[in-house]
Amino acid sequence: MGIRLHNSATRAKEDFAPIDPLNVRMYVCGPTVYDRAHIGNARPVVVFDTLYRLLRHVYGPDHVTYVRNFTDVDDKINATAQARKAAGDARPLEALIRERTEETIGWYHADMDALGALRPDVEPRATDYIGQMVAMIAGLIAGGHAYEKEGHVLFRVRSYAEYGRLSGRSVDDMIAGARVEVAPFKEDPMDFVLWKPSDADLPGWVSPWGRGRPGWHIECSAMAHELLGAEFDIHGGGLDLQFPHHENEIAQSACCGHGFARFWLHNEMLQVEGKKMSKSLGNFFTVRDLLDQGVPGEVIRMVFLGTHYGKPMDWTAEKAVEAEMRLHGFLELIGLYGDLQQAKTLAPEPAVIDALSDDLNTHAALMVLQKLNGADQANALARNLEFLGIYSWETLETKVANFRGSQIRLQEIAAVLLQVREVAKAQKNFTAFDALKQRITTANIAVMIGKDGITLRPEIDMDLTKLADL
RNA sequence: GGCGGGUUGGCGGAGAGGUUACGUACCGGAUUGCAAAUCCGUGUAGACCGGUUCGAUUCCGGUACCCGCCUCCA
């Protein structure tokens with residue numbers, strides 16, 4: 001079974017065939033690096049990481065190029081830097097901007113690594129591609145698709161007949177909506193900025209139109225073209241980017257004669273406890289907030305994979321708890337029966353590949369894991385957990401080693417407990433036994449009394465130090 | 001106003017025109033000094049109104065409600 005993907009451009013599920021199977025190319029809009037990534041930012045990262053893993057599996061790890069940019073020129077970044085300068089920092093604005101983007105990229109990497117997301121093959125920064133943007137803008141002007149006015153360069157939307165096709169909007173309808181800012185230098189209300197002037201307090205680059213900085217949309221067009229060529233396979237991003245960002249990318253690139261992306265994939269939005277996440281509602285939080293609260297990255301990933309990327313997803317604390325329970329069960333099976341050396345030699349389960357190949361049906365893939373768990377297939381379970389990016393081999397090895405290391409100690413404690421129980425039964429007085437059992441329980445170890453004796457089962461946050469004297 | 005998504009059992013959440021989703025919770029049983037955990041098992045569905053069909057939760061049409069985008073938020 002080949003890969004099928006829902007293409008936003010055609011609104012249909014289509015067979016995916018790469019332009020060049022030896023180099024499958026995907027571009028995903030990355031973050032504007034002005035602050036910590038919030039939980040919603042993480043959804044496309046996990047979605048497209050999963051697709052990346054599937055493509056690498058099908059076409060070979062060396063035959064996929066995944067590009068995700070960093071937008072490091074942006075008014076919010078400028079604002080942060082200017083605020084620091086106003087607060088008394090004497091360094092030049094450029095240094096403050098650089099510092100801000102550097103630290104934000106570092107945070108982003110750390111947070112997304114925690115979610116098990118592989119680093120893309122290329123992570124271009126917009127500021128490293130200003131020359132390509134200027135060249136593209138110049139080409140658009142030469143072709144009659146853009147014009148300069150008062151230091152701005154604007155894209156002439158009416159020059160591109162297909163404008164609005166991706167998002168299913170007509171230019172006339174949008175103008176009727178009248179929520180478009182009409183700057184005096186625009187020929188048409190829908191025209192958007194390719195280049196804008198920078199005064200001395202803002203970062204800027206020399207250009208044929210004076211010192212200035214690029215508009216947001218041209219960045220992705222220029223970087224995708226430079227790194228992936230005039231035509232490539234997949235362009236991804238959040239649904240909120242479909243309009244105007246992706247629509248504008250298409251217009252710019254198409255008017256430069258680029259074929260641009262053949263497949264467009266959009267993930268639906270994430271909500272929190274049934275509502276849109278926003279600072280005013282108090283349900284706004286970052287990935288780092290969750291990690292710091294003790295919600296592990298693999299739990300966040302499990303929750304994400306539970307809902308198809310094309311559907312709105314609700315983040316709730318309850319889902320996180322449930323995901324953690326399931327992972328705990330998986331780990332126990334692997335801890336008890338897994339052989340990770342053996343597991344590494346296995347191929348991912350065909351049912352998992354089939355599920356992902358069907359427009360990234362991650363939920364179905366998780367159901368396969370559930371079945372493997374139910375069938376005590378510890379090695380296959382480990383292999384597929386790794387394939388889906390839920391656990392790395394390193395993490396699994398550590399967890400299994402800890403589990404097995406603790407097993408010996410747990411057996412010793414179980415022997416003590418069993419002795420106490422024999423005494424209790426003989427004397428028909430269970431007070432001492434219950435007290436000891438309680439101690440073990442508070443160390444986050446489940447006590448299971450069966451006819452074959454006593455088994456102790458460690459919880460995820462077991463604390464053996466509390467039982468050091470036993 | 002324009003465009004799009006959704007509505008499934010207590011909760012989360014899929015697929016499939018007719019056969020058990022699955023997980024979790026609840027209930028019953030086994031087990032236990034009592035529990036917990038574990039194992040086994042039962043039950044609980046598909047917003048509403050029409051249509052197509054031998055048969056629809058699954059296809060088509062309509063209604064209601066919820067949500068998102070149209071504002072350089074993924």
Side-chain angles (χ1 to χ4, degrees), chain A residues 8 11 28-32 34-35 37-48 68 71 73-76 164 166-170 172-181 190 192-193 196 214-219 236-245 247-248 266-271 274-279 284 302-303 306-314 316 318-319 321-323 325-326 329 332 355 358 361-371 373-374 421 424-425 427-430 433-434 437-438 440-441 445-452 454-457 459:
Chain A
S8 302
R11 287 147 221 274
V28 174
C29 292
T32 301
Y34 66 97
D35 206 348
H38 64 244
I39 185 71
N41 296 123
R43 172 121 105 140
V45 172
V46 171
V47 166
F48 293 105
R68 187 182 62 207
T71 296
V73 48
D74 173 85
D75 289 343
K76 282 198 266 295
L166 176 72
S167 53
R169 297 152 202 262
S170 82
D172 294 323
D173 286 347
M174 284 185 279
I175 291 171
R179 291 177 76 176
V180 183
E181 178 203 354
M190 288 310 296
F192 58 89
V193 169
K196 50 193 165 186
W216 176 38
H217 314 299
I218 195 69
E219 298 174 13
L239 189 61
D240 57 333
L241 294 182
Q242 190 177 45
F243 187 88
H245 184 54
E247 197 73 70
N248 293 354
H266 290 97
N267 61 279
E268 252 287 1
M269 310 309 282
L270 180 141
Q271 302 187 318
K275 297 233 166 97
K276 177 180 166 134
M277 180 166 60
S278 72
K279 288 181 178 170
F284 180 95
M302 272 287 280
V303 171
T307 301
H308 188 260
Y309 77 90
K311 282 195 166 189
M313 201 204 89
D314 196 18
T316 63
E318 198 182 335
K319 282 187 186 177
V321 169
E322 190 173 322
M325 278 168 60
R326 288 164 76 161
E332 192 190 4
D358 181 17
N361 191 340
T362 49
H363 187 276
L366 291 185
M367 289 306 104
V368 176
L369 296 191
Q370 204 69 48
K371 279 197 177 129
N373 183 54
R421 184 158 176 273
K425 278 169 89 169
Q427 300 177 347
K428 300 222 185 286
N429 179 351
F430 289 87
F433 175 76
D434 286 338
K437 196 177 67 179
Q438 182 62 33
I440 295 171
T441 304
I445 298 165
V447 178
M448 294 184 286
I449 302 168
K451 45 187 160 189
D452 301 330
I454 294 179
T455 310
L456 299 183
R457 206 183 73 145
E459 304 291 333

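Bear in mind that the values here come from a model prediction, so they are computed numbers and not experimental data. By convention in this document, chain letters (A, B, ...) are assigned in the order of the sequence lines, proteins followed by strands, and residues within each chain are numbered from 1.
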Interatomic distance, Arg421(A) CZ vs A37(B) P [rounded to whole Å]: 17 Å
Arg326(A) (side chain) donor-acceptor with Val321(A) (main chain) under 3.5 angstrom: no
Partner set under ring-ring contact (aromatic ring centres under 6.0 Å, His included) for His217(A), not counting sequence neighbours: Phe192(A), His245(A)
Distance, nearest 0.5 Å, that separates NZ of Lys311(A) from CG of Asn267(A): 15.0 Å
Nearest-Å distance for atom pair CG/P, residues Leu166(A) and G4(B): 13 Å
Atom-pair distance (NZ on Lys437(A); P on A36(B)), nearest Å: 10 Å
Sugar-phosphate, base or nothing in reach of Phe192(A), heavy atoms under 4.0 Å: nothing
Note, Asn248(A) side chain near Trp216(A) side chain (heavy atom, < 4.5 Å): no
Touch class at under 4.0 angstrom, heavy-atom based, for Gln271(A) against every strand present: sugar-phosphate
For Arg421(A), all residues meeting side chain to side chain donor-acceptor pair (under 3.5 Å), sequence neighbours excluded: none
Residues which pass side chain to side chain donor-acceptor pair (under 3.5 Å) with Thr32(A), listed by chain and number, not counting sequence neighbours: none
Toward the 5' end of RNA chain B, by each residue's nearest nucleotide, Val447(A) or Arg11(A): Arg11(A)
Interatomic distance at P, C39(B) relative to U7(B), whole Å: 32 Å
Pairwise C1' distance, A47(B) and G43(B) [rounded to whole Å]: 23 Å
Lys371(A) NZ - A21(B) P separation (whole Å): 12 Å
Same-atom distance (C1') from U32(B) to U38(B), integer angstrom: 12 Å
Between A30(B) and A35(B) - C1' atom distance, rounded Å: 15 Å
Euclidean distance for C1', A14(B) against U57(B) (whole angstrom): 13 Å
Sugar-phosphate, base or nothing in reach of Lys425(A), heavy atoms under 4.0 Å: sugar-phosphate
Base orientation of G46(B), syn vs anti, 90° cut from 0: syn
Between P of C73(B) and CZ of Phe243(A), the distance in whole Å: 12 Å
Proximity to the side chain of Lys76(A) - top-ranked nucleotide from C73(B), G33(B), C70(B): C73(B)
Nucleotide of C34(B), C22(B), U24(B) approaching Met325(A) most closely (side-chain heavy atoms): U24(B)
Span that lies between the P atom of G6(B) and that of G62(B), in whole angstrom: 16 Å
Check: Met367(A) and His363(A) side chains under 4.5 Å, non-hydrogen atoms: yes
Residues that Lys76(A) engages under side chain to side chain contact (heavy atoms under 4.5 Å, CB included), provided they are two or more places apart: Tyr34(A), Asp74(A)
Nearest-angstrom distance, C1' atom, A36(B) to G15(B): 36 Å
Residues forming a salt bridge (charged side-chain N to carboxylate O under 4.0 Å, His left out) with Glu332(A), sequence neighbours excluded: Arg457(A)
Reading 5' to 3' through nucleotides 40-45 of chain B, protein heavy-atom contacts under 4.0 Å coded B for base, S for sugar-phosphate only, - for none: ------
Footprint string (nucleotides 5-15 of chain B, 5' to 3'): B base within contact, S backbone only, - free, heavy atoms under 4.0 Å: S-S---SSSSS
Side chain to side chain donor-acceptor pair (under 3.5 Å) involving Asn41(A) - partner list, sequence neighbours excluded: His38(A)
Salt bridge (charged side-chain N to carboxylate O under 4.0 Å, His left out) partners of Lys319(A), counting only residues at least two apart: none
Dot-bracket pairing map - RNA chain B, Watson-Crick plus G-U, both contacts under 3.5 Å, | cross-strand: (((((((..(((.....[...)))..((((.......)))).....(((((..]....))))))))))))....
Atom-pair distance (CG on Leu241(A); P on C73(B)), nearest Å: 8 Å
Asp35(A): partners by salt bridge (charged side-chain N to carboxylate O under 4.0 Å, His left out), with sequence neighbours left out: Arg100(A)
Spacing between Asp240(A) atom CG and G4(B) atom P, to the nearest angstrom: 17 Å
Residues which pass side chain to side chain donor-acceptor pair (under 3.5 Å) with Gln438(A), listed by chain and number, not counting sequence neighbours: none
Inter-nucleotide P distance (C70(B), C11(B)), Å rounded: 32 Å
Base of G23(B) paired with side chain of Asn373(A) (donor-acceptor, under 3.5 Å): no
Whole angstrom value for the distance that separates P of C69(B) from CD of Glu247(A): 17 Å
